[in-house]
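Everything below concerns the one structure shown next.
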Amino acid sequence: MTMMSGAQMLVRTLEDLGVDNLFGYPGGAVLDIYDALLESKKIKHVLGRHEQGVAHAADGYARATGKVGVCLVTSGPGATNTVTSIATAYMDSIPMVVITGQVVSPLIGSDAFQEVDTVGITRPIVKHSYLCQSALDIPKFIRQAFYLASSGRPGPVVVDIPKDCVRPSMKFEYPEMKSPVKMRSYNPTKQGHKGQVKRAAKLLAEASHPVLLIGGGAQLSGAQDEVRTIAHRFNLPVTSTLMGLGVYPSTDKQFLGMLGMHGTFEANNAMDKADLVFAVGCRFDDRVTNNLSKFCPAAKIIHIDIDPASISKTVVADIPIVGDAKTVLGQFIDVFDEFKLVENASAMKQWWTQIGKWREDKCLDYETDGKIIQPQQIVEAVYKATHGDAIIATDVGQHQMFTALYYKFDEPRHLLTSGGLGTMGYGFPAAVGAKIGCPDKEVCLFTGDGSFQMNVQELSTCLEFNIPIKIFIFDNHTLGMVRQWQKMFYRGHISSTNLNSNPDFVALAKAYGHEGFRVTDPKELDAAVEKALSMKDKLVIVDIACDTDAKVLPMQQMGGSMSDMFLGEE
């Protein structure tokens, strides 16, 4: 039993939980915590330049490593600046613990300086939230927060700590910290219902037009080996949501590409004509389904998800299975072995013949004139230079979709992107977190000239902590995706989407102490990418002038079925 202040208890608890990197920004309400951090030899504090960037970095760290990302901010505006980041993590089910300072307990509710109701503000966008009332609450709530954030369906958890809770010294019974966390009201299901698994396995073996649909839940559970085993055993066509990319190799012949609004022609047609959709860890959100009344009209739906609230929420499942994706798919493999289930070979041969005809449309082909760089060329150039082995962070917009379609992700946790909330400004700080979590991996950022300016201040963080990210700006002087919609659906009216006052991004890079250069000629693109990647210890901005009028195609027709798509410029 040791005498410790609440702040020391917090630091000791974080150390015990294995936290090696803490992303933060100090302020008055958390000064005691920052003082205690000076004593830690295990936790590296990464000082961001804005609380939104700090929390996005924790998110990117979590996505790249599979660990819980942790950030620390002060009360009031410090806490409210994290709201967008928390919502981003919540929508994509990312394990993150956000520690916020709070005014002293007697002043809560009095409109004190830098006081906000952090718990109330964040309640709709967290898995759970805590308000500490004493120093001894801190270690207990922090341990519970980590358990909640990382188990079941992952998500962000907020721990709000009043300043008077971190100051007093109290007897701290540390051995209690070694016992596992148990919460009577929270027991997520990992094992799937055995009867449902058997029913689903037999249905899969009997199907003549099946599709395996992979979502972010399969990514988060680490189910890539089981997914690949099942896909190969039954010769299944595989498609993926944006969040599931990398769980199944994009270079494999059975992969049809991403599905949905900007999915491939073959993936969306296969879904539309399927007689069975085997969905693993996906939400069936609107960007995947298009018109729900026309979604997969002939298909039976097997839906595996650890969150029972996600099953039949939008698409009714014929065989719902609640459980962890990796665990449940392991159960499927056991059933396949037990009943010696194999593919419906003759039917699958016909199915693949049909898919081959859809592939003949070559929906991802695009035209170049040799004068203007196309966004697709940027993605392909980086893919070629990195051999597909880099961690790629994106912001949101056209470049995000081009990345999903043209960069071939063969391994999980290599794409960091805001899928659910669609947060511009996410990519740069997320790349910072990823590089800190995976220092031996190449980390590249694909961003637009609009998105990059939203958290550009983190260039200072990268200089201080020597974070050598490679940044490729798709510089089209416009908000590309919004402009595309204006041209396609608003009679070509361009309203407030032109960005005619951009900074000189090369000069900006050098002002922050980094390297940068600009590319305008398609013939110089490959060399520029290679040059940037060769500068191993430098952050490099490559400002690439690309086609303002490029469109992300294919694109589903709003209100249609999965197969109703715009394929070209018609």
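Side chains are part of it too, since the values below use all heavy atoms of this structure and drop only hydrogens, waters and symmetry mates.
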Roughly how far, to the nearest 0.5 Å, is OG of Ser418 from CZ of Arg63?
-> 6.5 Å

Ile333 side, atom CD1; Ile230 side, atom CD1 - distance, nearest 0.5 Å = 4.5 Å

Phe284/Phe295 aromatic ring centres below 6.0 Å = yes

If you round to the nearest 0.5 Å, how far is NE2 of His387 from CG of Asp410?
-> 13.5 Å

List the steps and the verdict of side-chain contact (heavy atoms from CB on, under 4.5 Å) for Gln354 and Lys273.
-> CA-CA 10 Å; Gln354 175 59 69; Lys273 303 300 187 293; over 6 Å; no

Are the aromatic ring centres of Phe336 and Phe234 under 6.0 angstrom apart?
-> yes

Rounded to the nearest 0.5 Å, how far does OG of Ser310 lie from CG of Asp285?
-> 10.5 Å

Can you find a side-chain donor-acceptor pair between Thr417 and Gln400 that sits under 3.5 Å?
-> yes

Could you go step by step and tell me if Arg49 and Glu464 meet the side-chain contact (heavy atoms from CB on, under 4.5 Å) rule?
-> CA-CA 11 Å; Arg49 296 303 188 266; Glu464 179 174 352; 2.6 Å; yes

List the atom pairs, with distances to 0.1 Å, where a side-chain N or O of residues 357-364 and a protein N or O form a donor-acceptor pair under 3.5 Å, not counting sequence neighbours.
| residue | atom | partner | partner atom | Å |
| --- | --- | --- | --- | --- |
| Arg359 | NH1 | Lys253 | O | 3.2 |
| Arg359 | NH2 | Lys253 | O | 2.8 |
| Arg359 | NH2 | Phe255 | O | 2.9 |

Given Glu458 and His56, is the side-chain contact (heavy atoms from CB on, under 4.5 Å) satisfied, shown in steps?
-> CA-CA 11 Å; Glu458 301 307 324; His56 280 324; over 6 Å; no

Salt bridge (Lys or Arg N to Asp or Glu O under 4.0 Å) between Arg233 and Asp337, worked out = CA-CA 11 Å; Arg233 180 162 186 159; Asp337 293 338; 2.6 Å; yes

Side chains of Thr423 and Thr88: donor-acceptor distance under 3.5 Å anywhere?
-> yes

Name the one of Phe402, Tyr407, Tyr406 that satisfies side-chain contact (heavy atoms from CB on, under 4.5 Å) with Glu380?
-> Tyr406

Test Phe452 against every option in Phe446, Phe428, Phe474 by the ring pair (Phe, Tyr, Trp, His ring centres under 6.0 Å) rule and name the one that passes.
-> Phe428

Spell out, as yes or no, whether a donor-acceptor pair under 3.5 Å connects the side chain of Asp307 to the backbone of Ala309.
-> yes

Approximate separation, where rounding is to 0.5 Å, of Leu213 CG and Met271 CE | 5.0 Å

Stepwise side-chain contact (heavy atoms from CB on, under 4.5 Å) check, His514 with Ile541 = CA-CA 8 Å; His514 303 298; Ile541 289 179; 6.0 Å; no

